[in-house]
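Reminder, nothing fancy here: chain letters follow the sequence lines and each chain counts from 1. Side chains included, hydrogens not; waters and symmetry mates left out as well; all remaining heavy atoms used.
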Amino acid sequence: MPPYESGDHPKQKKTHPIMRLSKLVGRRIKETPKDAHTPSHTFLIRGGYIRQVSAGIYTLLPLARRVTARICEIIREEMNRVDGQEVLMPVVLPGELWAESGRLTAVGPELLRFKDRNDKEMLLGMTHEEAVVHMIRTEINSYKQLPCTVYQIQTKYRDEARPRAGLIRVREFTMKDAYSFHSSQACLEEHYARLHQAYTRIFERVGLTNVLSIESDTGMMGGSTAHEFMAVAECGEDTIFMSPDQTYKANRDVARSTYKVPQEPLKPLEKIHTPGQKTIADVAGFLNVPTHKTGKAVFYTAGDDDLIFAMIRGDLDVNETKLKNHLCVSDLKAATDQQIRAAGAEPGYASPVALSGSNVRLVVDPSVKGNPNIVVGANEPGYHYLNFNLERDADEEAISLETVDIATVRPGDPCPVTGAPLTAVRGIEVGNIFQLGTKYSEPMACTYLDQSGKSRHMIMGCYGIGVGRLMAAIIEQSHDEYGPIWPAAVSPFTMHMCALNPKKAGVSEAADQLYTDLCSAGIDVVYDDRGDKAGFQFNEADLIGVPHRLVVSPKTLAEGQAEYRSRDGKRVEMISLDGASRFVTNLVVPVAPETGM
RNA sequence: CGGGGCGUGGCUCAGUCUGGUAGAGCGCUGCGUUCGGGACGCAGAGAUCGGAGGUUCAAAUCCUCUCGCCCCGACCA
């Protein structure tokens, strides 16, 4: 290779990306790999988009990289429109930074930690609050610089216990994460609303057709208000409850319902012999009462603290996420029989009645609180109480008693807003937004001086989108039995061109010419120049999933034409080769992004 | 972390129960014939059967240990 002349930098050379299928890295696979069980996983593998390297760790081949690049461009445009500034923070972070926020110890094995050569504790970033605070607290120190929003598109690593379904749940992934900094809660809330709109636009523009914005659990991120954006899909891991008119939508972990309590006169507490009846179903059957007239006792331990006695209506189940959030603990374990007995309760016959004096934390769901005359255990093997009434019969002097919603909502339960029966759908979490408040700025001393010269903690928001997961979600919502049907905005190519029988007179010349014309017109074309049988080429085209296809063959060439077909099969027509460039250009008039907010 | 399943050419699998020198289809290379919804013929290349021990004259196959991957659950910004 001769040295470059002065001014002849390689970057300045016009490069022609390889768009011939004969040269594209990544082959199509005819058979479904045994590991693939969902449409997106199957087609990403079969179409030559991704390859697994390890559990939850994938290589993106050129086709997938083209898709994610287009997704990232849309995200960038929308983030820039809400005043985001792109940055890039490290993947490898020092443990000490996470010690500042407390998450070094608070986060479990999901955080991958390791030592560097100097025996210093390091970690792979699973999210970047600490890193961004480290950046902002040194760059921003005046109210005049607020609000400010930065974002990055960066690799994250989470040591997931169980990766699954291809790109839906992985260990290493690319994420767009944004962080905003404010001097007031009102400013945060205003910006949060703007980001909510930006997210809605992003998911529309990438071609998702069914995305729900729902109330979500704030989990380990902390903070108060949070929303998740859920792409509705069968293979989704999350369950969303919503009212038929969608005025109420919430993740199962925060979904509420209203359980009516009957009005009836209180009857006297009565102990009754119930030998061997330890489960709700047993007791209800034995005493011939409906399960919703019983009380269920569930015991947990949190850390090394006292026993948690969760009490809920017999037909309902405790939602452990709700309970954890109420107790502000991250690990909740089912208590052992010994622990239950040590607290003065009897497994299978546990009761809040005779717990006096024991160090039990009693958490009662509202479904029990006003519910009159229910059946509960008697803290004595083989005995229950009839006509238990919480306010009257639980000894509030001796035990702490909290009433808080800890129920798991079921499909058909009444909506807390409209009262209509809630329905459940499955969804893939493609994005989320959080109002963090000062959860990180306080412990990490991220402050600014306000107008009066007083030092204050910045108020933060954070906003994430999983890029690879988004690509998979798009396939989940747009595919047929043959492959993906890419929305034009994110398709790896605009046009898929086939040359049938290229050795026949003039075909390959005409196809090459068309390919060149389209490329010159700025169209992203992938050209199947391999000369395989028609059916083979068509099946591969479907498996790649480009929304438009042109075919040149001896048959079409005889008429000076090419055949156009849309991937969804809704449009098929012959076009003249002369006017092909114009036809295609008209076909793919880009959807201009909306302007303004 | 509990429960289940699977590791045999690049891919999908058979062979394992009942030990006897490793197979098929797809894919790949070459030649020829075909050519509008996954063509055909001929000739080839390619696997120390996940790994390590052990039993045996002989191990893909039996035993022990181990690693990896998938699924269900638990967990999960």
Side-chain angles (χ1 to χ4, degrees), chain A residues 26-38 41 45-46 48 51-57 98 101 103 106-111 125-130 132 156-166 168-171 173 175-179 216-223 226-228 235 237-238 251 253 320-321 324 330-334 429 431-434 436 439-440 460-466 469 481-483 498-504 507 530-543 549 551-557 562-563 565 569 572 574:
Chain A
R27 75 202 318 164
R28 259 62 53 211
I29 295 170
K30 193 179 289 188
E31 290 160 296
T32 300
K34 63 167 184 244
D35 288 349
H37 300 92
T38 63
H41 192 189
I45 298 288
R46 288 193 52 213
R51 294 290 179 250
Q52 181 171 14
V53 176
S54 185
I57 298 178
W98 278 54
S101 69
R103 285 208 296 184
V107 177
E110 215 183 30
L111 177 62
M126 51 195 287
T127 171
H128 278 78
E129 283 74 17
E130 287 81 359
V132 77
K156 302 274 192 274
Y157 187 88
R158 290 181 198 175
D159 217 14
E160 293 285 353
R162 189 154 96 78
R164 63 165 74 118
I168 300 291
R169 183 166 204 79
V170 289
R171 294 196 292 175
F173 56 102
M175 177 175 210
K176 186 288 296 176
D177 50 324
Y179 306 88
S216 74
D217 175 40
T218 48
M220 91 169 198
M221 294 299 302
H227 286 83
E228 289 167 336
C235 72
E237 298 182 286
D238 293 275
N251 191 304
D253 290 336
E320 294 182 9
T321 304
K324 277 183 199 170
S330 58
D331 61 326
L332 203 59
K333 290 195 211 71
E429 183 186 350
N432 55 30
I433 56 180
F434 286 84
L436 288 174
K439 180 176 166 78
Y440 295 90
M460 293 176 60
C462 75
Y463 319 88
I465 292 178
R469 181 184 277 188
E481 62 183 302
Y482 304 109
C498 298
L500 305 186
N501 250 320
K503 286 181 181 154
K504 284 280 165 63
V507 172
R530 299 170 300 177
D532 290 289
K533 298 268 291 183
F536 181 88
Q537 289 195 46
F538 294 160
N539 277 300
E540 291 226 332
D542 289 346
L543 201 43
R549 187 183 80 190
V551 175
V552 176
S553 73
K555 216 166 73 183
T556 68
L557 193 56
E563 179 205 67
R565 184 179 190 280
V572 182
M574 301 301 292

Could you state the [atom1]-[atom2] distance from [X] to [N], rounded to the nearest angstrom?
X	N	atom1	atom2	result
A:D35	B:C6	CG	C1'	9 Å
A:E160	B:C69	CD	C1'	17 Å
A:R51	B:G10	CZ	C1'	10 Å

Does a side-chain N or O of A:R162 approach OP1 or OP2 of B:A74 to a distance below 4.0 Å, or not? no
Measuring to OP1 and OP2 of B:U12, would you say a side-chain N or O of A:T32 lies under 4.0 angstrom away? no
Sorted by chain and number, sequence neighbours left out, side-chain contact (heavy atoms from CB on, under 4.5 Å) with A:K504 holds for A:N501, A:V507, A:P554
Of the options B:G27, B:U12, B:C69, whose atoms approach the side-chain atoms of A:R27 most closely? B:G27
One should read off an interatomic distance between A:Y179 OH and A:E129 CD, to the nearest 0.5 angstrom, of 4.5 Å
Atom pairs, N/O to N/O, protein against nucleotides 30-38 of chain B, distance under 3.5 Å?
unit_1: B:C35; atom_1: O2'; unit_2: A:N501; atom_2: ND2; d: 2.3
unit_1: B:C35; atom_1: N3; unit_2: A:N501; atom_2: OD1; d: 3.2
unit_1: B:G36; atom_1: N7; unit_2: A:S553; atom_2: OG; d: 3.2
unit_1: B:G36; atom_1: O6; unit_2: A:S553; atom_2: OG; d: 2.2
unit_1: B:G36; atom_1: N2; unit_2: A:E563; atom_2: OE1; d: 2.8
unit_1: B:G36; atom_1: N2; unit_2: A:E563; atom_2: OE2; d: 2.4
unit_1: B:G37; atom_1: O4'; unit_2: A:G535; atom_2: N; d: 3.4
unit_1: B:G37; atom_1: O6; unit_2: A:R549; atom_2: NH1; d: 3.1
unit_1: B:G37; atom_1: O6; unit_2: A:R549; atom_2: NH2; d: 3.3
unit_1: B:G37; atom_1: N1; unit_2: A:D542; atom_2: OD2; d: 3.1
unit_1: B:G37; atom_1: N2; unit_2: A:N539; atom_2: OD1; d: 3.3
unit_1: B:G37; atom_1: N2; unit_2: A:D542; atom_2: OD2; d: 2.4
unit_1: B:G38; atom_1: O4'; unit_2: A:N539; atom_2: ND2; d: 3.1
unit_1: B:G38; atom_1: O2'; unit_2: A:K30; atom_2: NZ; d: 3.3
unit_1: B:G38; atom_1: O6; unit_2: A:R46; atom_2: NH2; d: 2.9
unit_1: B:G38; atom_1: N2; unit_2: A:E540; atom_2: OE2; d: 3.3

So what does [X] touch, heavy atoms closer than 4.0 Å: a base, only the sugar-phosphate, or nothing?
X	answer
A:D177	nothing
A:Y463	nothing
A:A541	nothing
A:A161	base

I'd like to know whether A:R549 forms a salt bridge (charged side-chain N to carboxylate O under 4.0 Å, His left out) with A:E563, so could you lay out the CA-CA distance, the side-chain angles of the two residues, the decisive distance to 0.1 Å, and finally the verdict. CA-CA 8 Å; A:R549 187 183 80 190; A:E563 179 205 67; 3.7 Å; yes
Distance to the ring centre below 6.0 angstrom and angle to the axis at most 45 degrees; does that hold for A:R103 and A:Y440? no
